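Keep in mind the model is a prediction, meaning the values are calculated, not measured.
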Amino acid sequence: MNVTDKAKVLAMTKVFDYVGKDPETNIPKVMEFMDKVFKPEEFKVQRDMIREILCDPDNCWYQYIMNLWRDVDPDVLRAIFQNFVINTNFIGWPIQEKMREKYGCNIPWAILLDPTSACNLHCTGCWAAEYGNRLNLSFDEIDSIIQQGKKLGTYLYIYTGGEPLVRKNDLIKLCEKHSDCQFLSFTNGTLIDEDFADKMLRVKNFFPAISVEGFESATDSRRGTGTYQRVVKAMEILKERKLPFGISCCYTSQNLDSISSEEYFDQMIAWGAKFVWFFHYMPIGNDAAPELMCSPQQREYMYRKIREYRTRKSIFAMDFQNDGEYVGGCIAGGRRYLHINANGDVDPCVFIHYSDSNIREKTLLEALQSPLFMAYHDGQPFNDNHLRPCPMLENPEKLRNMVHSVDCHSTDLQSPESVDHLCDKCESYAANWKPTADRLWSCSHDCAGCGKKA
């Protein structure tokens with residue numbers, strides 16, 4: 001980092017501390033500082049958007065920002081600012097860009113890891129459970145992945161599973177050792193207790209995304225009786241300690257109406273969640289249920305509903321499948337993230353279980369330069385319509401061709417699925433979604449300046 005960038009980091013940190021002294025008074029003044037720190041052309045779009053928000057106290061995002069200062073422990077909030085805003089983005093991103101140019105391959109913004117395949121629940125339809133419960137990445141292996149990642153500019157690490165909190169002691173130790181990184185964990189939430197929450201409060205750089213299927217009946221029917229109440233208790237513990245957390249929701253043809261309802265959004269906010277990730281059901285595994293995939297009408301409903309809520313609900317909502325236009329299409333294959341399972345296999349995507357690399361045999365960089373990952377690199381974006389971003393779900397011929405063209409294998413160790421079997425399940429979905437996606441994509445661009453809605 002050069003002298004100019006160091007000065008910018010120092011200025012941004014001072015602005016953060018200044019805001020924290022009196023957020024309500026000082027937040028509207030932030031852009032005056034930012035305009036002095038950055039050149040007019042630097043981050044112009046982002047700065048204009050932030051300026052509009054900060055000048056409107058009735059804006060839901062203004063209220064969201066104020067809630068962060070009110071609801072989150074100040075030391076935790078400062079750690080998130082340092083590790084996510086400064087390290088992951090301001091410092092890490094330029095390093096990633098240099099490494100992309102130097103090595104000619106994708107370099108991830110975030111790395112997803114499965115510390116273990118073990119789980120304390122056995123949820124209906126969970127593909128993670130198919131791996132069994134005896135696979136683990138050791139502490140030293142995870143530590144090595146993080147060390148390698150930081151050299152490439154990656155400071156964000158996201159745990160999946162299995163149930164990551166089965167390894168909660170190791171996860172806390174990794175937070176301590178890599179205090180400059182931000183850690184997030186997808187979790188069923190049932191292992192969060194007072195002791196673990198106190199440790200989270202101490203390390204400050206770890207927060208969970210708790211899986212909830214909707215309300216009590218839907219959650220318990222999939223995850224087991226009593227799970228919902230245990231999860232609600234976990235969120236109460238986190239909220240009491242002013243620890244940030246989010247919600248993770250998989251929407252299907254059967255639960256979509258419930259988890260997209262106004263009542264459910266308001267409930268997530270009442271629980272204290274600061275963000276929610278919506279994931280489209282993927283027909284992964286030999287025992288998957290394709291009938292759970294949404295119809296085009298249902299997916300369009302989610303497309304519109306989540307965007308509507310963003311204009312009036314104080315929670316940061318992300319739609320993994322319908323937000324492709326904001327990130328330029330598919331982000332897998334290391335373009336923005338990759339996935340390493342508990343067996344060490346390096347998958348291009350958490351939803352696509354094929355690999356030609358194992359972290360126990362190759363370095364992270366070697367995996368990113370492998371034939372499968374380079375096929376992703378060379379093929380992205382897989383569709384010019386970023387509402388059809390995925391090489392599996394919306395463009396199954398692309399995944400089929402990539403897997404057949406390189407020497408890779410299924411990483412589902414319980415019941416390996418051929419790529420043809422997987423892609424066959426997506427063919428009709430892709431064909432049915434295409435007309436709706438093309439209409440929405442065309443209208444969102446053609447009507448951008450006329451005020452009409454897509």
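A donor-acceptor pair under 3.5 Å is formed between the side chain of N395 and the backbone N or O of C390. A donor-acceptor pair under 3.5 Å is formed between the side chain of W61 and the backbone N or O of R310. Distance alone, capped at 3.5 Å, places no donor-acceptor pair between the R360 side chain and the E141 backbone. Remark: the backbone N or O of C181 is paired with a side-chain donor or acceptor of N205 at under 3.5 angstrom. N341 places a side-chain N or O within 3.5 Å of a backbone atom of N343 that can act as its donor or acceptor partner. Looking at Y309, its side chain does come within 3.5 Å of a backbone N or O of S260 through a donor-acceptor pair.
Y376 is linked by a ring pair (Phe, Tyr, Trp, His ring centres under 6.0 Å) to F382, counting only residues two or more places apart in sequence or in another chain. Annotation: ring pair (Phe, Tyr, Trp, His ring centres under 6.0 Å) contacts of F279 (sequence neighbours excluded): F186, W277, F320. Considering only residues two or more places apart in sequence or on other chains, W271 meets the ring pair (Phe, Tyr, Trp, His ring centres under 6.0 Å) condition with none of them. Residues forming a salt bridge (Lys or Arg N to Asp or Glu O under 4.0 Å) with D195 (at least two apart in sequence, or on another chain): K199. A search for ring pair (Phe, Tyr, Trp, His ring centres under 6.0 Å) contacts involving H280 returns Y251, Y429, not counting sequence neighbours. For K239, there are no salt bridge (Lys or Arg N to Asp or Glu O under 4.0 Å) partners two or more places apart in sequence or in a different chain.
A heavy-atom distance below 4.5 Å is found between the side chains of L243 and V76. Between H178 and Y155 there is no side-chain heavy-atom pair separated by less than 4.5 Å.
Between K14 and D17 no salt bridge is recorded (no basic side-chain N to carboxylate O distance below 4.0 Å). Of the charged side-chain nitrogens involved, at least one lies within less than 4.0 Å of a carboxylate oxygen, so that R241 and D198 count as a salt-bridged pair.
Relative to the ring axis of W109, R100 does not place its NZ or CZ within 45° and under 6.0 Å from the centre. In this structure, K168 forms a cation-pi arrangement with F196, its terminal cationic atom sitting closer than 6.0 Å to the ring centre and no more than 45° off the ring axis.
For the pairing with C330, the side chain to side chain contact (heavy atoms under 4.5 Å, CB included) check across R336, R335, Q380, H386 returns one residue only, Q380. Looking at E308, Q63, E262 one by one, the single match for side chain to side chain donor-acceptor pair (under 3.5 Å) with K313 turns out to be E262. Partner of L338 under the side chain to side chain contact (heavy atoms under 4.5 Å, CB included) criterion, chosen from L113, I107, V350, L368: L368.
Side-chain contact check for T252 and N255: at least one donor-acceptor pair (N or O, by modelled atom type) lies under 3.5 Å.
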